[in-house]
Amino acid sequence: MASPKKRLQGLVAATITPMTEHGEINLSVIGQYVDYLVEKQGVKNIFVNGTTGEGLSLNVSERRQVAEEWVTKGRNKLDQVVIHVGALSLKESQELAKHAAEIGADGIAVIAPFFLKPWNKDVLVNFLKEVAAAAPALPFYYYHIPALTGVKIRAEELLDGIQEKIPTFQGLKFSDTDLLDFGQCVDQNRQRQFAFLFGVDEQLLSALVMGATGAVGSTYNYLGKKTNQMLEAFERKDFSSALNCQFCIQRFINFVTKQGFGVSQTKAIMTLVSGIPMGPPRLPLQKASREFTDNAKAKLKSLDFLSCTD
Ligand SMILES: CC(=O)N[C@H](C=O)[C@@H](O)[C@H](O)[C@H](O)CO
Ligand SMILES: CC(=O)C(=O)O
């Protein structure tokens, strides 16, 4: 069984893929981006080419280049770099898994194929197993995001017996609000050293209570510092401070959600907060409006979320 240096824990930023104004990937700012995450946000793990990274909107060559740049620039700075290698084509997914191993990534993650879909657990596990086998030395994470994939097989069911099928299985990124499912994933796998990574940033505190060992999310790019304060408060059992942090984060996410919040808006916010140009998203996404960016900026200011860079 592959074993990571140590269990993936704490915050994991789902990285944005920086792009030029013409919509090409922009590798040139990734070095700065690593330093920003580590130094300004206290975030030392990343999840590359996922939802936030528009991984499914990039071609295989772009995905390889982006992954390689993050691994190279993160060396000796980041704790772990997990590459999302999910794709509709099993072949592409295997190629990306093998590539992730070759460049020295710390793990791979895969979403369920979402056009021609697996309709039951066994088929999904077979697909994941074929991808995992292309990188037999890398920890493997299943990325559960039913609202986007349309594959609603419960994570608890998927985890039952998974290590017998996928020896490198190391954990789960759970991007859903079903805390019964999440809690049962933790409860039924207490004997195993799995990472239970929660992916709904505005509800992380509830998931910590349920046994989350870490979190992967888009907002840790720019709210990492605040979220780390929450994790620390939770650790020392100061639940009222932890709740204050969560409410503060919720006020921001609630505010932007009402105006339409997704990857495009994340790119705009991160550009604003970090000063690193993230560029526009790629079609079918559209650039966030000027009005959104102005509103988000005012809100970040009023919540004092800009203080770490100002
Ligand atoms: C659908 C989506 O992109 N979810 C992200 C990660 O899974 C989250 O980090 C959200 O962006 C965040 O929770 C804000 O809603
Ligand atoms: C949020 C997340 O995990 C992703 O962008 O894939």
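Every number for a ligand or one of its atoms is a count from 1 in the order of the listing.
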- Compute the minimum heavy-atom distance from S218 to ligand 2 and say whether it is under 4.0 Å. yes

Heteroatom proximity flag, [X] to ligand 1, N/O under 3.5 Å:
{"X": "K173", "value": "yes"}
{"X": "T219", "value": "no"}
{"X": "G199", "value": "yes"}

- Same apolar cluster (I L V M F W Y, side chains within < 4.5 Å links), V263/W70: no

- Item | Nearest-option assignment for atom 4 (C) of ligand 2, heavy atoms, candidates F198, Y220, Y143 | Y143

- Counting heavy atoms only, which of A13, G50, G55, A14 comes nearest to atom 1 (C) of ligand 2? A14

Using a 4.0 Å cutoff against the non-hydrogen atoms of [X], which atoms of ligand 1 qualify?
{"X": "F261", "answer": "14 (C)"}
{"X": "V200", "answer": "13 (O)"}
{"X": "S175", "answer": "6 (C), 7 (O)"}
{"X": "G217", "answer": "9 (O)"}

- Query: How long is the span from the CZ atom in F252 to the OG atom in S302, to the nearest 0.5 Å?
  - Reply: 9.5 Å

- Quick one: NZ on K44 to CG on L11, what's the gap to the nearest 0.5 Å? 13.0 Å

Considering only protein heavy atoms, which is closest to [atom], and at what distance to one decimal place?
{"atom": "atom 1 (C) of ligand 1", "answer": "I145 CD1, 4.0 Å"}
{"atom": "atom 15 (O) of ligand 1", "answer": "E202 OE2, 3.1 Å"}
{"atom": "atom 3 (O) of ligand 2", "answer": "K173 CE, 2.4 Å"}
{"atom": "atom 11 (O) of ligand 1", "answer": "S218 OG, 2.7 Å"}

For the side chain of [X] and the backbone of [Y], is there at least one donor-acceptor N/O pair under 3.5 Å apart?
{"X": "D79", "Y": "N45", "result": "no"}
{"X": "T266", "Y": "G262", "result": "yes"}
{"X": "D178", "Y": "D181", "result": "yes"}

- Any side-chain heavy atom of F305 sitting closer than 4.5 Å to one from L223? yes

- Query: In a check of side-chain hydrogen bond (donor to acceptor under 3.5 Å, both in side chains) between E54 and each of R63, K267, R282, which one passes?
  - Reply: K267

- What do we get for T51 next to ligand 1 when only non-hydrogen atoms under 4.0 Å count, side chain, backbone, both or neither? side chain

- Message: So if I count the atoms of ligand 2 from 1 in the order they appear, which ones are less than 4.0 Å from some heavy atom of V216?
- Response: 3 (O)

- Query: With under 30° as parallel and over 60° as perpendicular, where do the rings of H144 and Y142 fit, or are they tilted in between?
  - Reply: tilted

- Query: Does the separation of the ring centres of F261 and F255 fall below 6.0 angstrom?
  - Reply: no

- Does an N or O anywhere in S175 fall below 3.5 Å from an N or O of ligand 2? no

